[in-house]
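Encoded as structure tokens, the structure appears first; notes follow it.
In what follows, every heavy atom counts, from backbone to side chain, and hydrogens, waters and symmetry copies are set aside. We name chains A, B, ... by the order of the sequence lines, and we start the count at 1 in each one.
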There are 2 protein chains.
Amino acid sequence: MNDLSETRSPSSSVGDYLKAVWELAVDSGGTASTKGVAARLSVSPASVSNMFARLQEMGLVRYERYRGATLTERGREEALRLVRRHRLIETFLLEHLGYDWQEVHDEAERLEHAVSDGFTERLAELLGHPDHDPHGDPIPSAEGSLEVDDSMALSQVVAGRRVRISKVRDEDAAMLDYLGDRNLVPGRWLRVREVRELDGVVVVEDEEAEVYALGDPLARSIFVRND
Amino acid sequence: MNDLSETRSPSSSVGDYLKAVWELAVDSGGTASTKGVAARLSVSPASVSNMFARLQEMGLVRYERYRGATLTERGREEALRLVRRHRLIETFLLEHLGYDWQEVHDEAERLEHAVSDGFTERLAELLGHPDHDPHGDPIPSAEGSLEVDDSMALSQVVAGRRVRISKVRDEDAAMLDYLGDRNLVPGRWLRVREVRELDGVVVVEDEEAEVYALGDPLARSIFVRND
DNA sequence: ATATAAGATTAGGCAGGGCTAAACTCAATA
DNA sequence: TATTGAGTTTAGCCCTGCCTAATCTTATAT
């Protein structure tokens with residue numbers, strides 16, 4: 001039990017950086033760039049360089065000047081703890097407090113820095129220990145393990161496949177809204193009728209034979225599995 | 001609609017000071033001393049002087065060197081907003097998350113700085129718009145009005161009176177626990193049998209003729225009304 | 001009327017985080 | 001190989017809050 005996992009996050013800023021590194025590192029071979037993190041957190045690259053150095057001090061990342069940062073084991077644990085909090089809080093806001101998809105992200109972002117581990121676990125209890133949030137993202141366990149994600153973007157699926165929506169990107173509120181309106185939410189089955197190389201439009205059909213043509217950004221925001 | 005009431009508190013520290021001033025000013029003719037606030041927030045008197053000056057800048061208090069600070073109307077609104085949040089959050093933690101009296105205060109203290117007005121009002125909705133928290137303290141309305149408090153400390157009551165517990169001080173967790181165990185909670189009726197000038201002990205009897213001798217600190221932590 | 005102590009204020013610092021502007025790396029292209 | 005520009009880092013500054021030490025004020029007691 002290291003000093004970080006006592007009860008709360010380190011300074012809220014630190015947590016934001018760790019989460020950003022974690023999220024960006026997923027699709028960049030484990031390393032996050034200064035620029036990427038800066039963009040994600042809306043701070044200047046200079047601030048990120050600065051913080052990377054401090055995170056290394058704290059033993060949360062491995063950092064090499066000019067070549068980005070990688071989470072250490074402790075850093076990863078910290079990040080996952082934050083992610084767990086975030087997703088449980090989102091679930092609570094959506095299911096118990098009547099938030100809609102638009103509003104959830106920001107509120108959760110702020111709350112996740114204020115709640116204790118005790119709060120988090122009681123919330124999990126209240127929610128019935130869900131393992132996915134309403135966007136379809138897996139919720140890391142209290143011990144820090146996370147399901148491997150074998151889903152792929154809808155834009156990558158080949159025509160003809162029958163797939164199930166596993167999650168939707170939760171960054172763009174307007175998009176979430178659009179998808180929510182059409183009930184394109186996790187759990188929904190779709191058949192992929194056509195994938196147009198030209199413009200990236202994916203044409204899908206739902207169980208009621210309703211057809212949707214989804215443009216490039218949308219098709220990259222919806223993730224599916226074929227189980 | 002001034003800039004403070006947008007969605008969240010000003011910097012969390014500012015809110016703490018406003019609340020402290022508000023709480024201390026109640027029983028000090030509207031004015032809070034540097035020392036008092038310092039003690040309440042566990043910071044040095046110097047920090048308080050400093051902050052008083054800044055709060056005045058911001059138009060939240062009226063401050064005169066060497067003679068303390070008084071809330072302005074805006075300051076009072078801010079403070080009450082925080083108090084409302086705090087009490088609603090406490091209520092939620094106790095009623096929905098299974099916290100016990102001990103743990104509630106700190107968690108609420110941190111959360112109240114992170115939640116938005118929107119969250120607060122949805123929480124109020126979820127809780128059924130309570131007007132008192134479980135300690136018996138009145139919850140300010142969303143518009144900032146607060147019930148006048150005509151209760152008095154148990155230590156002030158004259159012998160023979162039949163009174164009802166209206167609230168218990170929520171600062172000392174051990175005390176709350178003690179009271180909770182004996183079910184000395186808001187709503188409970190008591191008859192005051194004796195008030196010993198000497199040591200401040202108050203002897204009361206509950207509805208089942210159970211008798212309790214309450215020492216000075218306890219008698220000053222329990223507030224009652226005679227309605 | 002004055003001395004004194006309690007309480008309050010100023011001065012001078014420190015750490016966390018953020019920013020801009022200027023300087024540096026390094027990889028890609030001419 | 002030499003140049004160049006995107007991406008990074010450094011330098012220097014700002015602001016919020018907190019702290020200690022030193023210096024006032026003020027009220028109270030003689």
Side-chain angles (χ1 to χ4, degrees), chain A residues 3-4 8-21 24-25 27-70 75 78 82 109-110 112-114, chain B residues 3-4 8-21 24-25 27-70 75 78 82 109-110 112-114:
Chain A
D3 44 329
L4 286 179
R8 309 183 41 215
S9 307
S11 130
S12 68
S13 245
V14 167
D16 288 336
Y17 279 92
L18 293 178
K19 264 198 346 179
V21 171
L24 294 174
D27 25 44
S28 319
T31 294
S33 69
T34 300
K35 195 193 175 203
V37 172
R40 189 149 241 285
L41 299 181
S42 306
V43 297
S44 70
S47 301
V48 178
S49 286
N50 209 300
M51 186 58 99
F52 274 179
R54 285 170 50 208
L55 292 177
Q56 174 151 58
E57 281 285 291
M58 299 183 227
L60 297 168
V61 304
R62 237 160 287 115
Y63 168 48
E64 237 178 309
R65 297 210 274 16
Y66 292 100
R67 48 198 55 208
T70 318
E78 252 327 290
L82 265 291
E109 197 69 37
R110 275 181 288 112
E112 78 191 22
H113 297 303
Chain B
D3 42 329
L4 288 178
R8 311 182 40 214
S9 308
S11 128
S12 69
S13 242
V14 168
D16 287 337
Y17 280 91
L18 294 179
K19 262 195 353 175
V21 171
L24 294 174
D27 24 46
S28 319
T31 293
S33 69
T34 300
K35 194 194 176 203
V37 172
R40 189 148 242 286
L41 300 181
S42 305
V43 297
S44 71
S47 302
V48 177
S49 284
N50 209 300
M51 184 60 97
F52 275 0
R54 285 170 49 209
L55 292 177
Q56 174 151 60
E57 281 286 290
M58 298 183 228
L60 298 168
V61 304
R62 238 160 288 113
Y63 168 48
E64 236 178 309
R65 300 208 275 16
Y66 292 99
R67 51 199 51 212
T70 318
E78 254 323 294
L82 265 290
E109 197 69 36
R110 275 178 290 113
E112 77 191 24
H113 297 302

Any protein N or O atoms within reach of nucleotides 2-7 of chain D? Criterion: under 3.5 Å, listing atom names and distances.
unit_1	atom_1	unit_2	atom_2	d
D/dG7	OP1	A/K35	NZ	3.2
D/dG7	OP2	A/K35	NZ	3.4

Minimum-distance nucleotide (side-chain atoms of B/A46 versus D/dT20, D/dC18, C/dC19): D/dT20

A/L55 side chain near A/Y63 side chain, heavy-atom distance below 4.5 Å: no

Non-hydrogen side-chain atoms of A/L18 and A/V61 separated by less than 4.5 Å: yes

Touch class at under 4.0 angstrom, heavy-atom based, for A/F52 against every strand present: nothing

Whole angstrom value for the distance that separates P of C/dC26 from CZ of A/R65: 8 Å

Whole-Å distance separating the CG atom of B/N50 from the C1' atom of C/dG13: 13 Å

Closest to side chain of B/M51, choosing from D/dT10, C/dG18, D/dC18: D/dC18

Distance below 4.0 Å between B/Y63 side-chain N/O and C/dA8 OP1 or OP2: no

Heavy-atom pair with the smallest gap, counting every atom of A/T31 and A/R67: CG2-O, 3.4 Å

Smallest separation among heavy atoms of A/A69 and A/V21, with atom names: O-CG1, 4.1 Å

Side-chain N,O (B/S44) to OP1/OP2 (D/dC18) below 4.0 Å: no

Closest approach of B/A114 to A/A114 (non-hydrogen atoms, all atoms of both residues): CB-CB, 3.5 Å

Phosphate-side-chain proximity, A/Y17 and C/dG16, N/O vs OP1/OP2 below 4.0 Å: no

B/R62 side-chain N/O to B/T70 backbone N/O, donor-acceptor pair under 3.5 Å: no

Any side-chain heavy-atom pair of A/D16 and A/R40 under 4.5 Å: no

Nearest-Å distance for atom pair CZ/P, residues B/R67 and D/dT26: 6 Å

Atom-pair distance (CG on B/L55; P on C/dT9), nearest Å: 13 Å

Nearest-nucleotide 5' precedence on DNA chain C, A/V43 against B/V48: B/V48

Candidate nucleotides D/dT8, D/dC18, C/dA8, ranked by approach to the side chain of A/S49 - the nearest: D/dT8

